[in-house]
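Accompanying notes for the structure given below.
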Amino acid sequence: MFKKLEKVHKKSKIYTDIKKSFFSIILVSILFNFFISGILNSNYQLNKLKNVNFVSAELQNNISTKEKGDIEKYLLNIPEIKKVIYMDSYIAFKNLQSNLGIVIPRGENPLPDSMRIYFNNNSSLEKIQNILDEDKRIKEYFINGSYSEEINSLSKLYKLMKNIFVAGSLFSLIILYFIVSLQIQSDYLAMIINGKSGSRIKIRAKNINVLQFTLGILSGTAIYFNLYFILRQYILNLNKNINILSLFQVLYIQSFLVLILIIIVWKFPVKKSEIL
């Protein structure tokens with residue numbers, strides 16, 4: 001009678017341990033996906049900020065089309081300059097009227113042809129200024145120093161956030177590894193205690209837990225995607241000017257990473273020495 005009760009108690013304990021590890025995998029999976037989304041969104045913001053450091057240079061009135069092309073080629077050969085966009089005076093004039101909401105006769109266009117010169121960061125600015133100062137084909141140029149400083153501060157913030165998210169994702173992977181490996185060890189020892197033997201019990205212990213891991217991480221990922229969609233909509237409703245990657249933009253990347261993680265866990269060999 002006592003043996004039967006002890007057996008039932010052991011089975012109940014094993015079932016409870018399985019439930020705990022399963023829900024732990026779901027929770028850590030949600031955290032892992034959160035950190036990966038953080039990395040993707042940080043990269044997205046950093047890439048956007050790379051295209052906002054620029055100098056607006058006005059060209060002399062007597063510059064020919066060929067000379068404009070030569071200036072653009074010359075500037076693009078400078079390593080610190082990422083890209084150059086030629087701004088025709090007529091197009092710039094149209095944009096100005098559109099922004100102001102007024103109509104001005106074309107003959108009264110005060111805007112010259114110009115170039116928007118994008119550069120990497122503020123450390124490149126002094127060199128670019130010297131180049132523009134020496135080029136007589138450039139009438140004058142404009143730099144918003146405070147704006148550039150703000151952009152650099154934001155870049156540092158997003159880089160810090162990205163590093164935190166990377167550390168968090170690695171930490172969550174370590175936790176997942178320990179959850180699975182400890183549960184495999186626990187099940188393997190439970191099989192030995194219950195009198196089971198043979199070379200295949202360690203494989204059976206692994207397969208049971210890897211299947212549990214697969215179901216847990218897929219469940220956690222599905223839960224996270226729903227939370228991401230809801231949270232993103234809530235944030236956008238509060239402030240429509242905030243740029244956050246859509247669910248579709250993060251879904252295919254994160255699903256691919258989760259799939260790779262599952263394959264690695266299934267393919268990872270379990271040696272007897274690792275679970276004894």
Side-chain angles (χ1 to χ4, degrees), residues 15-51 153-187 205-270 274-275:
Y15 179 68
T16 303
D17 290 342
I18 289 172
K19 278 203 306 182
K20 284 181 180 178
S21 64
F22 180 71
F23 288 119
S24 297
I25 290 168
I26 290 176
L27 179 60
V28 178
S29 172
I30 292 171
L31 289 174
F32 172 73
N33 279 284
F34 168 76
F35 290 128
I36 296 298
S37 292
I39 294 170
L40 295 176
N41 275 284
S42 297
N43 273 333
Y44 173 67
Q45 298 298 338
L46 284 169
N47 289 331
K48 281 186 64 182
L49 291 176
K50 285 179 182 177
N51 293 322
S153 298
L154 282 172
S155 294
K156 289 178 183 178
L157 174 62
Y158 286 126
K159 284 177 183 176
L160 175 63
M161 289 174 64
K162 180 182 175 182
N163 290 336
I164 292 171
F165 288 135
V166 168
S169 63
L170 292 175
F171 183 67
S172 59
L173 285 175
I174 292 170
I175 294 174
L176 283 172
Y177 170 78
F178 277 110
I179 290 172
V180 176
S181 60
L182 288 174
Q183 191 60 41
I184 290 173
Q185 182 183 29
S186 175
D187 287 354
K206 177 199 168 183
N207 289 343
I208 291 170
N209 285 283
V210 170
L211 178 61
Q212 176 183 265
F213 169 82
T214 303
L215 295 174
I217 199 165
L218 289 176
S219 300
T221 301
I223 292 168
Y224 175 76
F225 284 151
N226 282 280
L227 292 174
Y228 183 87
F229 177 79
I230 294 167
L231 184 61
R232 180 178 180 272
Q233 290 299 118
Y234 177 73
I235 293 172
L236 290 177
N237 287 334
L238 291 177
N239 189 345
K240 296 188 182 297
N241 295 322
I242 294 177
N243 290 307
I244 305 173
L245 291 172
S246 67
L247 176 61
F248 178 77
Q249 286 173 301
V250 301
L251 187 143
Y252 72 96
I253 297 175
Q254 293 189 217
S255 297
F256 177 74
L257 290 176
V258 167
L259 179 62
I260 294 296
L261 182 60
I262 290 170
I263 292 171
I264 290 172
V265 172
W266 275 98
K267 294 292 183 181
F268 195 78
V270 177
E274 293 176 344
I275 54 178

**Q.** Minimum heavy-atom distance Asn243-Gln45, with the two atoms named
**A.** O-NE2, 2.6 Å
Q. Can you tell me if Asn41 uses its side chain to pair, donor with acceptor, with the backbone of Leu245 under 3.5 Å?
A. yes
(Q) Distance check, rounded to the nearest 0.5 Å: Ile25 atom CD1 versus Ile179 atom CD1? (A) 6.0 Å
Q | Rounded distance (nearest 0.5 Å) linking atom CH2 of Trp266 with atom CG of Leu211 | A | 5.5 Å
Q. How are the rings of Phe165 and Phe35 set to each other: parallel, tilted or perpendicular (split at 30° and 60°)?
A. tilted
Q | Ser169 versus Ile36, closest heavy-atom pair with distance | A | CB-CD1, 4.0 Å
Q. Ile26 versus Phe23: any side-chain heavy-atom pair under 4.5 Å?
A. yes
Q) Would a 4.5 Å heavy-atom cut-off, applied to side chains only, mark Phe171 and Leu31 as touching? A) no
Q | Pairwise side-chain contact, Phe213 with Leu176, heavy-atom cut-off 4.5 Å (strictly under) | A | yes
Q) Which distance, rounded to the nearest 0.5 Å, do you find between the NZ of Lys159 and the CD1 of Ile164? A) 14.5 Å
Q: Would you mind reporting whether Ile230 and Tyr234 have side-chain heavy atoms less than 4.5 Å apart?
A: no
**Q.** Inter-residue atom distance Leu251.CG - Thr221.OG1, 0.5 Å rounding
**A.** 9.5 Å
**Q.** Phe22 versus Ser219, closest heavy-atom pair with distance
**A.** CZ-OG, 4.4 Å
Q) Is the number of heavy atoms from other residues, nucleotides or ligands under 6.0 Å of Phe225 CZ greater than 12? A) yes
Q: Considering non-hydrogen atoms only, spot the tightest contact between Ile217 and Ser29 and give its length.
A: O-OG, 3.1 Å
Q: Measure across Ser37 and Tyr224 and return the closest heavy-atom pair with its distance rounded to 0.1 Å.
A: OG-OH, 2.8 Å
Q | Gap between atom OG of Ser255 and atom CD1 of Ile260 - 0.5 Å precision | A | 11.5 Å
(Q) Counting C-beta onward and ignoring hydrogens, is there a side-chain heavy-atom pair between Tyr177 and Leu173 closer than 4.5 Å? (A) no
Q. Pick one: which of Asn33, Val28, Leu27 meets side-chain contact (heavy atoms from CB on, under 4.5 Å) with Ser172?
A. Val28
Q: Over all heavy atoms of both residues, which pair between Lys162 and Ile39 is shortest? Give the atoms and the distance, please.
A: O-CG1, 4.3 Å
(Q) Any heavy-atom pair between the side chains of Val265 and Thr214 that's under 4.5 Å? (A) no
Q) Checking Gln212 side chain against Val180 main chain: does a donor-acceptor pair fall under 3.5 Å? A) no
Q: Begin with the C-alpha distance, continue with both residues' side-chain angles, and end with the deciding distance and a verdict on side chain to side chain contact (heavy atoms under 4.5 Å, CB included) for Tyr44 and Val250.
A: CA-CA 11 Å; Tyr44 173 67; Val250 301; over 6 Å; no
